[in-house]
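Start at 1 with the first residue, then count along the sequence.
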Amino acid sequence: MNIGIFTDTYYPQVSGVATSIKVLRNQLERAGHQVYIFTTTDPHVDKNIYERNIFRFTSIPFVSFTDRRIAVRGLFKAYQVAKDLGLDIVHTQTEFSMGMIGKFVAKQLKIPCIHTYHTMYEDYLHYIANGKILKPYHVKEATRAYCYHLNGIVAPSQRVSKTLKGYGVKAPIRIIPTGIDINQYEQTPTVDCRKQLGYAADTPVLLSLSRLAYEKNIHEVIAALPAILEQVPNAQLVIVGDGPARETLENQAQDAGLSDHVQFTGEIDNDEVYNYYQMADLFVSASNSESQGLTYIEAMAAGLKTVVASSPYTDQLLDDPSLGTTFTSQATLVKDVVRYLQHPHTFDDPKPRQKKLYQISAEYFGKQVINYYQDVQLAYSEPDDKSAKISN
C-alpha cells in the first residue's frame, strides 16, 4: 500500500504523537508498505538535509502551544503530491490543519481516510485563555464534526473510545494501543546517568519522564516527596523533560526545601531516554490526562516498575504488582513508592512482564493497524457491508 500520514506534529518535535507516528512508520515500512509523511515546517529542521518521503507545508506556531505548529497553506499542493504518489489510504493524526488537509485529499482522490484520536482535549482547555473561551461542549462539537465521514478511527485506549462514543461519533472505532520498540528499552545503557547526576549505585531513584505541562500533575509527585523522604531519607527524584510548567515546578521544589533531592534534566532525545529508565528504581506519574501513556509501557519494556495514577487504562495495564501499581490519593502514592523502594525485590516475577511485552510491542501495533487498513479498504469498496467488516 501507499500510505499518506498527515500530522501537525513530527520529528524533531518531542511528543507522544510524534513517537507514535515514528513507530508506525517503521513498522509499516518493515512490512513492505510505502509511507509518506505530510507535516508542518519546523525551524529545527535543517532545510539542506534531505528527508526521505517527508513533505513539509508552511506553518506557524500554534496559539498557546508555541512548540507545536499549524500549516497555513498547502491544500492543493498536498492533493497534487498525493495524486502523483498514488496514495491508497490517508491516515490523519491531528484534527487541525494537516488533518483537514488529509481529509480533503482523501475525498478528492476517492480513497479511505482513517484517523487516530491521540489527545483528550478537555484536559487542555486551560491553555486557551485560561479555559474562559473553550468549554467541553466545544470539544465535543468540534470532534464530532471532524470525525464525520471518516472511514475509521483508531482509539489508543478504551478511555478514548468511550469518550468518542459519548461525543456521538458514528464512525467505526477500533482500539489499537500504540506499541514501542521493545529492544530499544531493553538494551544496555550507553550513558552512566547515575554518575552524571551524582548518585551512588545504591541511591533510590524515582523517575518522572514527560512533557513538563500542568496537566501532567508533576507537582503532586513533588508534593509527596517530603513524606517519602521521612521513610526513605536518601531518595532522589529525577524529572526528565521540558515544557511550560518547568519554572513553576523548579520553584515548588526550591520552596519546599527539596533542591538536594530533585533534579531537572531538561529535554532528552527520545533515542536516549532508555538510559534514564535503566538508571531508575521506580517510575512515578500522577498524570490523569493520558489517552494511553507511552511512558508507562516504555518503563515496562525497560523492566522498571511503575506507580501511576489510577485510570481504567493503567489499572488494566498494571494488573500485577511485579509490573507496578496505581494510586488514588497522595497517601497511597507515598505508601506504594515507599513499599517498592524499601522492598525492591519482593515483587520480582518475570512472567507477567513477558506476557505483556508482545501486547505492547511495535510489531503487534503495526500488524493491528495494517489489518485495520485492509478492513477499511474492503469496506470502502463494498460500502453496503461496512459495519460487519470494520467493527472491533
Between R56 and E51, is the closest basic N to carboxylate O distance under 4.0 Å? yes
Tell me whether T116 contacts the main-chain N or O of H118 through its side chain, where contact means a donor paired with an acceptor under 3.5 Å. no
Treating D349 as the side-chain partner and S322 as the backbone partner, does any N or O pair qualify as donor plus acceptor under 3.5 Å? no
Note: R194-D202 ion pair, threshold 4.0 Å (strictly below): no
With a 4.5 Å cut-off on side-chain heavy atoms, are V284 and S208 touching? no
Answer yes or no: is there a donor N or O on one side and an acceptor on the other, between the side chain of T203 and the main chain of A200, under 3.5 Å? yes
Taking D192 for the side chain and K195 for the main chain, is one N or O donor matched with an acceptor at less than 3.5 Å? yes
May I ask you to say whether D348 pairs ionically with K305, meaning some side-chain N is under 4.0 Å from a carboxylate O? yes
Result of checking T265, L209, I222 against I239 for side-chain contact (heavy atoms from CB on, under 4.5 Å): I222
Using the six-membered ring wherever Trp is involved, compare the ring planes of F347 and Y340 and label them parallel, tilted or perpendicular (cut-offs 30° and 60°). tilted
May I ask you to say whether D320 pairs ionically with K356, meaning some side-chain N is under 4.0 Å from a carboxylate O? no
Taking the six-membered ring for Trp, are Y79 and F104 parallel (under 30°), tilted (30 to 60°) or perpendicular (over 60°)? perpendicular
Closer than 4.0 angstrom, basic N to acidic O: yes or no for D375 and R174? yes
Can you see whether F57 has K77 sitting over its ring - NZ or CZ less than 6.0 Å from the centre and within 45° of the normal? yes
Parallel, tilted or perpendicular: which one describes the rings of F62 and F96, with boundaries at 30° and 60°? tilted
For F327, does the six-membered ring have the charged nitrogen or CZ of K335 within the cation-pi criterion, i.e. under 6.0 angstrom from the centroid and within 45° of the normal? no
NZ/NE/NH1/NH2 to OD/OE distance under 4.0 Å, E267 and R246: no
Measuring from E215:CD to N288:CG, what's the distance to the nearest 0.5 Å? 9.5 Å
Examine distances only and state if a side-chain atom of N2 and a backbone atom of G86 form a donor-acceptor pair shorter than 3.5 Å. yes
Within 45° cone of Y148 ring axis and under 6.0 Å: K170 NZ or CZ: no
Does some side-chain heavy atom of F55 sit less than 4.5 Å from a side-chain heavy atom of I37? no
Once you round to the nearest 0.5 Å, how far does CG of N53 lie from CZ of R25? 6.0 Å
